[in-house]
Protein chains: 2
Amino acid sequence: MNILLIEDDEVLADGLLHTLSSIGYRVSTVATASLAEYILNIQEFDLVILDLGLPDIDGLRLLRQFRSQKIPLPILILTARDDLNSRIEGIRQGADDYMTKPFDLKELEVRLQALIRRCYGGFSHIIKIGRLHLDTSNHQILADGEFLSLSSRESAVLEILLLQAGKVVCKERIAQRLSYEGEALADNAIEVYVHRVRKKIKPFDANIRTIRGLGYLLENENHD
Amino acid sequence: MNILLIEDDEVLADGLLHTLSSIGYRVSTVATASLAEYILNIQEFDLVILDLGLPDIDGLRLLRQFRSQKIPLPILILTARDDLNSRIEGIRQGADDYMTKPFDLKELEVRLQALIRRCYGGFSHIIKIGRLHLDTSNHQILADGEFLSLSSRESAVLEILLLQAGKVVCKERIAQRLSYEGEALADNAIEVYVHRVRKKIKPFDANIRTIRGLGYLLENENHD
DNA sequence: TCAAAGCTTTCAATAACCTTTCAATTAATA
DNA sequence: TATTAATTGAAAGGTTATTGAAAGCTTTGA
């Protein structure tokens, strides 16, 4: 997790760098807004900690700039300004959280955790197999970022294969998933569905391999 | 935007209910943890405001329960406990934000906005999907900058779809948003409203796709 | 080579959804 | 307040996608 710390107070910056590094974050610090802009262009970050009292540009203005440039990073403001209005303005301008100095390191730590959790999907677990993405939280399957048009049964088949990508899934397993309370399906129902799914995922280089006598397996080529 | 307010102080609950309602949120209040669990099971919410000092179960424990049940709702804790430890624990247990009483209503309002923005809108309080804009701060929907003439129900349907643009929203979710306290709607009411909304947004190249058996999805073509 | 296992296509029944119409209600306007 | 307009939700009939069964074809491995 890469954090950009924009802070001109050298002592505080060093302290934070040390603390955050020690709990596993990779931290880069810059002391001015212009440096911040520069480094954001050449390096990828996951989160920004922004001090409002910068020497060159006002922090709120920098924040506005980020957002108008559609930089979607989570931003936590850290500042000495305690008055309510700048707190409100900070959040209104697009910050995700706000802490005032002096602050407790432990609290900063958990607030960072909360932000990361929220922004980088502690909840929705996304499984990526090649060009297919499965969002397990809402059972949505995307191919190249586009919604894949699947009927609900087709979707169920592909989901179970994606979840076990690279492993053999036996027909019975799939049948269980498709039928309600074990009502029998025609003996070739699974074959029909696999066929339909194959047709739909082929354009995305995804392939369901048949393991004779055992079941099916979604190929999971790790050549990235 | 449906908010569940879990708060046992009746005066405060009423005040918040009134304030939040007046700025366009739909608020349900419950006074106990068990009621909260009950209502969360039968109704969908977009955000939870949780008081830690509840009469039956400790708020933190409730929070842990939510998260262990993988309820991914954004949760803002509101409490009289000012000490640092419970603040840290609150966030660590899975809350997204934390405010201590007494608090400023304006600040609560913007923090709610920030949460909503982060969880549903990327990073702006204006959610832009193609030529449609939803301003989450006042629940207004614009098309090409002009007000879109929608009835309140139509507006509710479109809002919920805009908030989850690109994701499937199931019919039940929409039905809950439309009806008060689960009064039944005709089985095709949603279909009728979706139909009406479709007709109105079509001139703006916006499209609601039907995902058979699952629900609807506002297309969110990322070709910018 | 010949079963067995799997593939593919077709088709009718059905369930899910769409669309229109209309009457009842509510809100707006004169 | 009387009139008009808009909104709402129920009903009914039309449309389309999904489903699963059937039947014939192809591949596989003993």
Side-chain angles (χ1 to χ4, degrees), chain A residues 139-141 146-161 168-203 206-219, chain B residues 24 26 139-141 146-161 168-203 206-219:
Chain A
H139 306 273
Q140 231 169 253
I141 296 172
E146 296 270 308
F147 198 84
L148 233 192
S149 166
L150 296 164
S151 81
S152 61
R153 297 284 160 106
E154 288 164 5
S155 193
V157 169
L158 184 51
E159 185 178 347
I160 205 170
L161 288 167
V168 180
V169 180
C170 66
K171 281 183 162 187
E172 292 71 35
R173 185 81 205 289
I174 299 174
Q176 268 170 24
R177 180 64 228 280
L178 289 189
S179 65
Y180 237 140
E181 300 290 324
E183 28 164 359
L185 291 171
D187 47 344
N188 75 338
I190 309 297
E191 286 152 30
V192 172
Y193 279 109
V194 168
H195 173 66
R196 286 171 181 162
V197 170
R198 270 181 175 143
K199 217 158 47 179
K200 291 191 178 177
I201 64 175
K202 195 168 189 181
N207 184 30
I208 297 173
R209 195 191 301 172
T210 304
I211 312 297
R212 215 151 219 273
L214 285 176
Y216 298 92
L217 164 157
L218 186 78
E219 288 185 0
Chain B
R26 183 175 262 237
H139 306 271
Q140 262 161 5
I141 297 173
E146 301 268 310
F147 278 103
L148 194 55
S149 162
L150 295 165
S151 80
S152 66
R153 297 285 160 108
E154 288 164 4
S155 189
V157 169
L158 186 50
E159 184 181 345
I160 205 171
L161 288 167
V168 180
V169 180
C170 67
K171 281 182 160 186
E172 292 71 35
R173 187 82 210 285
I174 300 173
Q176 273 168 13
R177 181 60 234 275
L178 291 188
S179 66
Y180 238 138
E181 301 291 325
E183 27 164 1
L185 291 171
D187 47 346
N188 75 339
I190 309 298
E191 286 152 31
V192 172
Y193 278 109
V194 168
H195 174 66
R196 287 170 181 162
V197 170
R198 269 182 177 142
K199 218 157 44 178
K200 292 192 178 177
I201 64 175
K202 195 169 189 180
N207 184 29
I208 297 173
R209 196 188 302 176
T210 304
I211 310 299
R212 224 154 217 271
L214 285 177
Y216 298 92
L217 164 157
L218 187 77
E219 288 187 0

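Chain naming here is simple, since letters A, B, ... match the order of the sequence lines and numbering starts at 1 in each. Computed from heavy atoms alone, side chains included, the values below leave out hydrogens, waters and symmetry copies. None of these values were measured; they are calculated from a predicted model.
In this structure, CG of B:Leu214 is placed 12 Å from C1' of C:dA16, rounded to the nearest angstrom. In this structure, CD of B:Glu191 is placed 17 Å from P of D:dG14, rounded to the nearest angstrom. Whole-Å rounding puts the B:Lys199 NZ to D:dT7 C1' distance at 13 Å. Straight-line distance from the CZ atom of B:Arg153 to the C1' atom of D:dA6: 14 Å, rounded to whole Å. With rounding to whole Å, B:Asn207 atom CG is found 11 Å from C:dC18 atom P. Straight-line distance from the CD atom of A:Glu154 to the P atom of C:dT8: 14 Å, rounded to whole Å. Rounded to whole angstrom, the span from the CD1 atom of B:Ile211 across to the P atom of D:dA17 amounts to 13 Å. We find that CZ of B:Arg209 is positioned 15 Å from C1' of D:dA17, with the value rounded to whole Å.
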Exercise. Passes side chain to side chain contact (heavy atoms under 4.5 Å, CB included), A:Ile201 versus A:Ile208? Steps please.
Worked result: CA-CA 9 Å; A:Ile201 64 175; A:Ile208 297 173; 4.0 Å; yes
For this session: Apply side chain to side chain contact (heavy atoms under 4.5 Å, CB included) to the pair A:Lys200 and A:Arg196, showing each step before the final yes or no.
Result: CA-CA 7 Å; A:Lys200 291 191 178 177; A:Arg196 286 171 181 162; 5.7 Å; no
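Summarising the geometry, atom OH belonging to B:Tyr193 is positioned 14.5 Å from atom NZ belonging to B:Lys171; distances are rounded to the nearest 0.5 Å. Rounding to the nearest 0.5 Å gives a distance of 8.0 Å between CG of B:Leu218 and CG of B:Asn207.
For C:dC17, one of the phosphate oxygens OP1 or OP2 lies less than 4.0 angstrom from a side-chain nitrogen or oxygen of B:Lys171. Distances shown here put every side-chain N or O of B:His195 at or beyond 4.0 Å from the OP1 or OP2 atom of C:dC18. For A:Ser152 and D:dT19, the shortest distance from a side-chain N or O to OP1 or OP2 is below 4.0 Å. Close to D:dT19, at under 4.0 Å from its OP1 or OP2, lies a side-chain N or O of A:Ser151. Not one side-chain nitrogen or oxygen of A:Tyr193 sits closer than 4.0 Å to the OP1 or OP2 atom of C:dT8. Side-chain N/O atoms of B:Thr210 include one lying less than 4.0 angstrom from OP1 or OP2 on C:dC18.
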Seminar exercise, completed: Readout for nucleotides 22-30 of chain D: B = base within 4.0 Å of protein heavy atom, S = sugar-phosphate only, - = neither; 5' to 3' it is BB---BB--
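Taking a 6.0 Å sphere around CZ of A:Arg198, one finds it holds more than 12 heavy atoms contributed by other residues, nucleotides or ligands.
With hydrogens and angles disregarded, a donor-acceptor distance shorter than 3.5 Å links the side chain of A:Gln140 to the backbone of B:Val168.
Using a 4.0 Å heavy-atom distance criterion, A:Arg196 is classed as a base contact.
Contact annotation: the side chain of A:Arg173 never approaches that of A:Tyr216 to less than 4.5 Å [non-hydrogen atoms, C-beta and beyond].
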